[in-house]
Protein chains: 2
Amino acid sequence: MSYVTPSGELDDAGRPLRRDAQRNRLLILEAAREVFAQQGLDARFDDIARVAGVGVGTVYRRFPDRADLIDALFERELDEVVARVEAAAADPDPWAGLQDFIAWGVEAQAADRGLSQVLADGGYGHERVARGRARIEPAVASLVERAQAAGVLRADVSALDIGIATAVLSQIGTPAQPELRRRYVRLLLDGLVVRRDAPTPLPAVSPVDADLACLVEPARRTGHGTVEN
Amino acid sequence: MSYVTPSGELDDAGRPLRRDAQRNRLLILEAAREVFAQQGLDARFDDIARVAGVGVGTVYRRFPDRADLIDALFERELDEVVARVEAAAADPDPWAGLQDFIAWGVEAQAADRGLSQVLADGGYGHERVARGRARIEPAVASLVERAQAAGVLRADVSALDIGIATAVLSQIGTPAQPELRRRYVRLLLDGLVVRRDAPTPLPAVSPVDADLACLVEPARRTGHGTVEN
DNA sequence: ACCGAAACGGAACAACCGCTCCGTTTTCGT
DNA sequence: ACGAAAACGGAGCGGTTGTTCCGTTTCGGT
């Protein structure tokens with residue numbers, strides 16, 4: 001995977017970065033991918049610098065804001081998500097395609113906490129992440145609608161339901177336990193009940209984007225009313 | 001709710017606490033309940049002290065270890081959980097009883113992050129919490145077995161599956177959004193598929209206690225192998 | 001080969017947090 | 001009412017974390 005993007009290799013004045021700076025930029029992005037995947041997007045810059053083999057100052061110089069780093073890093077990862085949705089949509093069997101996408105989405109988020117945060121919460125990154133995110137929901141929606149048109153997916157769920165479900169399931173177990181997560185993916189697809197001829201209607205409320213966001217950002221739980229003072 | 005337990009009102013030498021100390025002890029427990037519910041069991045003692053209206057020193061004097069405070073606080077809350085399981089088991093309809101317990105368990109954990117941590121991870125608290133926890137799993141197991149014997153609950157799920165599922169579902173939305181969570185409770189009970197005559201077999205692995213624990217303690221995710229050095 | 005500019009690294013600073021310690025206040029038996 | 005002991009509060013200490021800053025090193029055009 002290469003991060004050679006023209007936009008990323010020019011300094012503020014439009015001049016190309018010096019060769020050592022370019023090399024370090026790539027080392028930092030590579031390190032950030034690993035560290036963000038393990039620790040989430042709040043990981044310490046010191047850790048990223050150490051893994052990259054550079055000083056902290058270098059990280060801050062190249063990416064003054066955490067969001068700059070996230071934006072540069074996840075643009076490509078979001079493209080990968082879109083590609084996976086489209087691959088699922090290309091499956092001749094709508095149900096199989098949806099199952100595969102859900103299974104992949106759960107594993108991708110389990111293996112990369114940073115990805116699950118970016119997917120859930122629009123507050124991370126900048127325009128590049130925002131553009132990537134914007135492409136995902138419609139793609140999943142068409143996957144969902146195709147399965148519903150085929151009569152295999154219940155009609156009262158949305159693309160956002162799939163997003164919330166995959167985000168939640170990805171939190172089960174450790175990254176090394178895909179089989180465990182598959183168990184609960186199966187339960188979501190199948191249900192706990194032994195047999196059923198038609199879906200029990202869902203409660204009226206449908207989720208909105210913010211409902212997905214508060215899954216990974218527990219600090220934003222506002223429902224309680226904050227402790228006095 | 002009263003915390004008047006004989007064990008909690010004696011100092012180390014077996015003498016009763018002074019009146020102001022008893023009063024403050026209750027204020028601290030009351031405050032800890034509120035703060036732990038909102039912020040989880042890692043909440044700062046300063047916050048608890050402020051809400052209780054006492055100094056930090058007083059909190060540390062009465063509960064030298066965080067686990068002491070957790071142990072004193074959650075003994076009763078775990079009794080409540082057991083009572084709820086038993087109430088569900090008393091429902092003449094095994095399926096309705098199970099549904100009610102799951103719905104209640106999800107809401108209880110959504111409203112109290114501390115409770116969900118105590119339920120998931122045996123590492124919190126001391127003997128009193130341990131005893132409370134030990135009573136829950138068998139009680140849920142009998143609820144589960146009754147539903148399976150009645151042929152309404154698929155045979156390949158365990159009490160621990162119910163624990164993991166409720167813990168996960170409780171993380172959806174804010175505490176103020178019970179209807180949103182109910183949507184996904186319904187999906188778990190029902191499944192995404194439109195109709196089904198018999199359950200699709202689950203992947204072979206069954207969860208163990210540790211799998212529930214790592215839901216609420218993301219620091220313990222070990223699957224990745226830590227970043228070098 | 002040389003020089004100015006760019007980039008580097010990590011020491012250092014400030015903010016923050018958990019916990020302790022001690023001068024002051026409150027309680028309670030006499 | 002009084003004195004000893006228990007309890008209180010919050011300032012303060014040591015450790016950690018996010019960010020900056022500057023003396024040194026590296027690069028690249030001439």
Side-chain angles (χ1 to χ4, degrees), chain A residues 3 8-32 35-36 38-70 72 114 124 218-219 226-227 229, chain B residues 3 8-32 35-36 38-70 72 114 117 123-124 218-219 226-227 229:
Chain A
Y3 297 99
E9 312 235 324
L10 303 177
D11 68 4
D12 303 333
R15 282 174 300 241
L17 292 177
R18 237 169 60 174
R19 185 145 42 236
D20 54 346
Q22 289 185 27
R23 184 179 49 85
N24 283 338
R25 180 173 180 278
L26 299 186
L27 289 173
I28 290 166
L29 283 166
E30 209 48 62
V35 173
F36 280 158
Q38 284 182 39
Q39 309 189 9
L41 299 177
D42 299 327
R44 298 184 294 148
F45 272 29
D46 296 32
D47 281 349
I48 296 171
R50 187 167 38 74
V51 171
V54 304
V56 231
T58 301
V59 179
Y60 278 101
R61 188 172 320 102
R62 207 50 61 207
F63 302 98
D65 189 340
R66 182 176 295 264
D68 298 330
L69 179 51
I70 292 168
Y124 293 110
T226 313
V227 167
N229 199 9
Chain B
Y3 297 99
E9 312 234 322
L10 302 176
D11 68 5
D12 303 332
R15 281 174 302 239
L17 291 177
R18 235 168 62 176
R19 186 153 31 242
D20 54 347
Q22 289 185 27
R23 183 179 50 83
N24 283 338
R25 180 174 179 277
L26 299 186
L27 288 173
I28 291 166
L29 284 166
E30 210 47 62
V35 173
F36 281 159
Q38 283 182 40
Q39 310 189 11
L41 299 177
D42 300 328
R44 299 184 290 150
F45 271 31
D46 297 32
D47 282 348
I48 295 171
R50 187 168 39 73
V51 171
V54 304
V56 230
T58 302
V59 179
Y60 280 101
R61 189 174 320 103
R62 206 52 59 208
F63 303 99
D65 189 339
R66 182 177 295 264
D68 297 330
L69 180 51
I70 293 169
Q117 288 176 287
Y124 293 109
T226 314
V227 168
N229 200 9

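Side chains included, hydrogens not; waters and symmetry mates left out as well; all remaining heavy atoms used. Every chain is numbered from 1, with letters handed out A, B, ... down the list of sequences.
Side chains of B/F36 and B/Q117 form no contact here, defined as non-hydrogen atoms less than 4.5 Å apart. Contact of the A/L27 side chain with the A/V51 side chain is not registered, since no non-hydrogen atoms from C-beta on lie closer than 4.5 Å. Counting heavy atoms from C-beta on, the side chains of A/D46 and A/V59 never come closer than 4.5 Å.
No side-chain donor-acceptor contact under 3.5 Å links A/R50 to the backbone of A/V56. In this structure, A/D68 contributes its side chain and A/D65 its backbone to a donor-acceptor pair below 3.5 Å.
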- Query: When every nucleotide of nucleotides 15-26 of chain D is labelled 5' to 3' by its protein contacts under 4.0 Å (heavy atoms), B for base, S for sugar-phosphate only, - for none, what sequence of letters results?
  - Reply: --SSBB-----B
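Residues passing the ring-ring contact (aromatic ring centres under 6.0 Å, His included) test with A/F63: none are found, sequence neighbours excluded.
Place A/Q22 and B/R19 on DNA chain C by their nearest nucleotides, and A/Q22 ends up nearer the 5' end.
Atoms CZ (B/F63) and P (D/dC8) sit 11 Å apart, rounded to a whole Å. When rounded to the nearest whole Å, the span between CG of B/D47 and P of C/dC17 equals 9 Å. Rounding to whole angstrom units, CZ of residue A/R15 and P of D/dC27 are separated by 18 Å. Nucleotide C/dA7 holds its P atom 16 Å from the CG atom of A/L27, rounded to whole Å. To the nearest angstrom, C1' of D/dG9 lies 12 Å from CD1 of B/I28. As a whole-Å value, the separation of B/I48 CD1 from C/dC17 P is 14 Å.
In this structure, A/N24 reaches the C/dC8 phosphate: one of its side-chain N or O atoms is under 4.0 Å from OP1 or OP2. Side-chain N/O atoms of A/T58 include none lying less than 4.0 angstrom from OP1 or OP2 on C/dA7. Residue B/R23 has no polar side-chain atom (N or O) positioned under 4.0 Å from OP1 or OP2 of D/dA7.
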